[in-house]
Amino acid sequence: MGSFSIWHWLIVLLVVVLIFGTKKLRNIGQDLGGAVKGFKEGMKSAEEPHPPAAEPPPQVSGRTIEGEVREERSTKV
């Protein structure tokens, strides 16, 4: 019940290839690689300091803007 030898791993690999096929395994590998690459890019962007936000425009007090809310009706059924 020790560790598996190289022959055990080769047989397991052969069975996996026979069950799933090489095309499906290649697609799984590409999807996994793309996910890892996206994760690394996301981590890099999280580490980079963001530029300071621009100063918000000054708020004007004492002015009221009046408006009317209309319901938009869709002609699609």
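These numbers come from the heavy atoms of this one structure, side chains and all, not from hydrogens, waters or symmetry mates.
- Both L13 and F20 belong to a single network of hydrophobic side chains, linked directly or stepwise wherever heavy atoms of I, L, V, M, F, W or Y lie under 4.5 Å apart.
- Atom-to-atom distance recorded for L10:CG and S5:OG is 8.5 Å, nearest 0.5 angstrom.
- Within the model, atoms CD1 of I6 and NE2 of H8 stand 11.0 Å from one another, a figure rounded to the nearest 0.5 Å.
- The side-chain contact (heavy atoms from CB on, under 4.5 Å) with L18 is formed by just one residue from the set T22, L14, V16, V15; it is L14.
- In this structure, CG in N27 is found 6.5 Å from CG in D31, a value given to the nearest 0.5 Å.
- Follow the hydrophobic side-chain contacts under 4.5 Å out from V12 and you never reach W7; the two are in separate clusters.
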